[in-house]
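Okay, structure first, notes after.
Every chain is numbered from 1, with letters handed out A, B, ... down the list of sequences. On a predicted model such as this, the values are computed, not experimentally measured, just so you know.
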Amino acid sequence: MSFSHKILDWYSAHKRKLPWRETRDPYKIWLSEIILQQTRVAQGMPYYHRFLEAFPTVHELAHASEENVLKLWQGLGYYSRARNLHATAQIVVEQFKGEFPTTYEGLKFLKGVGDYTASAIASFCFDVPEPVVDGNVYRVLARYFGVDIPINSPAGIKYFKELAKEVMDTENIRDYNQGIMEFGAIQCAPKKPNCLLCPLNDGCVALKDNKVDSLPVKTNKTKVRIRHFNYLVYLDERNQTIMEKRKGKDIWQNLYQFPLLESEKEIQAEAFQQHFKSEMVLEPFESYYLFNTEPIVHKLSHQHLHTKFWILKTFHNLENGTPWDVVTKFPVPVLIADFIRTLKI
DNA sequence: AAGGCGGGGTT
DNA sequence: AACCCAGCCTT
């Protein structure tokens, strides 16, 4: 039996029942694929349901504000996905009369839709014979065919896409594509796959050569940058605070936070006032205290944010202040959301 | 060709 | 602590 038929057989016997497998609606498939980029099924699932409830069709999503879309996306990470999701919904509604493109090339044109996602939507919705190559597929192909070209090198990306094209089942592309990803996620797992009971173990090069643990090959170790964040949490006598929208090319673009002072090193409580009070450009304050003596270390993929929250009490009423009850309405990073949840005022 | 971009689960 | 997750975009 061929590689693709073994995948199809395994899939029919082991596939999970997932909501986006019950439909061919391009809107729902597109939504699920954007949510699932670099995201586990279990983590994305509640977001998928919440988005469909808030935005049943692409029209509701297009007419929402970016702030509301980001708020619903809060906690999922990689927030450019949410911004692109919103922008693409508006393109589809305004330029394509609410209809998604039906070809790989047409889909690839959409913001936030790359090679994988275009292939996924085209094959799942329209049976276009285009192979998907995600992290699961890289692993399955690298092991079964014994390929040690780095999967994140341009040569590797090209090689695996062509290999995937050669071994796909063009007649059952929808099930085949979902099947090979599911196979990678459950059977050919990254750590300790159960090769003894694998339906592809007889032809697997990695298993034969004892290379299961060393394939696939991936280069470029990410190194972590350490940053020191000092958040200024103003509170006036009416329990109003100040929140700002993050701008620029840094992390968390368009999300909200308290006024931020970033420093080269950790700032101690004794030094805080003399270091910063003179250059307070926002508002004067009468007293302050440090919310957390030990910095909270918020870990991103390539940054560790050592964070201190400074509570600044002020007697005069803040201009354009935000009532504390309202701060939960803004889209904020998890670091800020956790703090808001913890602070008792 | 390389780096930036989140948050969470698993080992 | 390291690795990975239904990747994409910019430089």
C:dC4 and B:dC5, which share atom name C1', separated by this distance in whole Å: 16 Å

Sugar-phosphate only, base, or nothing, as touched by A:G75 at under 4.0 Å among non-hydrogen atoms: sugar-phosphate

Sidechain-backbone polar pair: A:S32 side chain, A:I29 backbone, donor-acceptor under 3.5 Å: yes

Nearest-neighbour nucleotide for the A:L300 side chain, B:dG7, C:dC4, C:dC8 considered: B:dG7

Ion pair check, A:K308 and A:E266, cut-off under 4.0 Å: yes

Short side-chain N/O contact to C:dT11 OP1/OP2 from A:K249, under 4.0 Å: yes

Sugar-phosphate, base or nothing in reach of A:S153, heavy atoms under 4.0 Å: nothing

Side chain of A:K191 (C-beta onward), nearest among C:dC9, C:dC3, C:dA6: C:dC3

Between C:dG7 (C1') and A:D115 (CG): distance, integer Å: 10 Å

Contact under 4.0 Å: A:Y79 side-chain N or O vs B:dG7 OP1/OP2: yes

Sugar-phosphate, base or nothing in reach of A:N177, heavy atoms under 4.0 Å: nothing

A:A185 side-chain proximity, nearest of C:dC9, B:dG6, C:dA6: C:dA6

Under-4.0 Å side-chain N/O to phosphate OP1/OP2 contact, A:W252 with B:dG7: yes

Nucleotide of C:dA6, B:dC5, C:dC4 approaching A:K218 most closely (side-chain heavy atoms): C:dC4

Any A:Q38 side-chain nitrogen or oxygen under 4.0 Å from OP1 or OP2 of C:dA6: no

Parallel, tilted or perpendicular: rings of A:W10 and A:F183 (30°, 60°): perpendicular

P spacing across the pair B:dG8 / C:dC8, given as an integer number of angstrom: 22 Å

5' priority, DNA chain C, between A:F124 and A:V113 [closest heavy atom]: A:F124

Listed nucleotide nearest any side-chain atom of A:R40, set C:dG7, B:dG8, B:dC5: B:dG8

Touch class at under 4.0 angstrom, heavy-atom based, for A:L76 against every strand present: base

Sugar-phosphate only, base, or nothing, as touched by A:T39 at under 4.0 Å among non-hydrogen atoms: base

Plane angle bin for A:W73 and A:Y47 - parallel if under 30°, tilted between 30 and 60°, otherwise perpendicular: tilted

Which nucleotide in B:dC5, C:dC5, B:dG7 has an atom nearest any side-chain atom of A:N136: C:dC5

Separation of C:dC3 P from A:N152 CG (nearest whole Å): 12 Å

Touch class at under 4.0 angstrom, heavy-atom based, for A:Q178 against every strand present: base

Of the listed nucleotides B:dC5, C:dA6, B:dG7, the one nearest the side chain of A:L18: C:dA6

C1' gap between B:dG6 and C:dC3, integer Å: 15 Å

Aromatic ring pairing A:F96/A:F109, orientation class (parallel under 30°, perpendicular over 60°, tilted between): tilted

Phosphate contact (B:dG3 OP1 or OP2) by A:H302 side-chain N/O below 4.0 Å: no

Donor-acceptor pair, side chain of A:H5 and main chain of A:M1, under 3.5 angstrom: no

Touch class at under 4.0 angstrom, heavy-atom based, for A:W73 against every strand present: nothing

Identified side-chain contact (heavy atoms from CB on, under 4.5 Å) counterpart of A:F330 within the set A:K71, A:Q74, A:M243, A:Q257: A:M243

Interatomic distance at P, C:dC5 relative to B:dA1, whole Å: 23 Å

N/O (side chain, A:K299) to phosphate O (OP1/OP2, C:dA1) under 4.0 Å: yes

Comparing A:G114 and A:P216 on DNA chain C - which has the more 5′ nearest nucleotide: A:P216

Residue A:E182, side-chain atoms from C-beta onward, closest of B:dG4, B:dG7, C:dA6: C:dA6

Lys/Arg-Asp/Glu bridge criterion (N-O < 4.0 Å) met for A:K165, A:E130: yes

Shortest side-chain distance from A:Y78, nucleotide among B:dC5, C:dC8, B:dG7: B:dC5

Nearest-nucleotide comparison on DNA chain B, the residue closer to the 5′ end among A:L255 and A:P154: A:P154

Sugar-phosphate only, base, or nothing, as touched by A:D338 at under 4.0 Å among non-hydrogen atoms: nothing

Any A:R139 side-chain N or O less than 4.0 Å from OP1/OP2 of C:dC5: yes

Residue A:V334, side-chain heavy atoms: nucleotide from B:dC5, B:dG8, C:dA6 that is nearest: B:dG8

A:R227 CZ to B:dC5 C1', straight-line distance once rounded to whole Å: 12 Å

Whole-Å distance separating the OH atom of A:Y116 from the P atom of C:dA6: 9 Å

Touch class at under 4.0 angstrom, heavy-atom based, for A:K192 against every strand present: nothing

Nearest-angstrom distance from the residue atom CD of A:Q37 to P of B:dG7: 16 Å

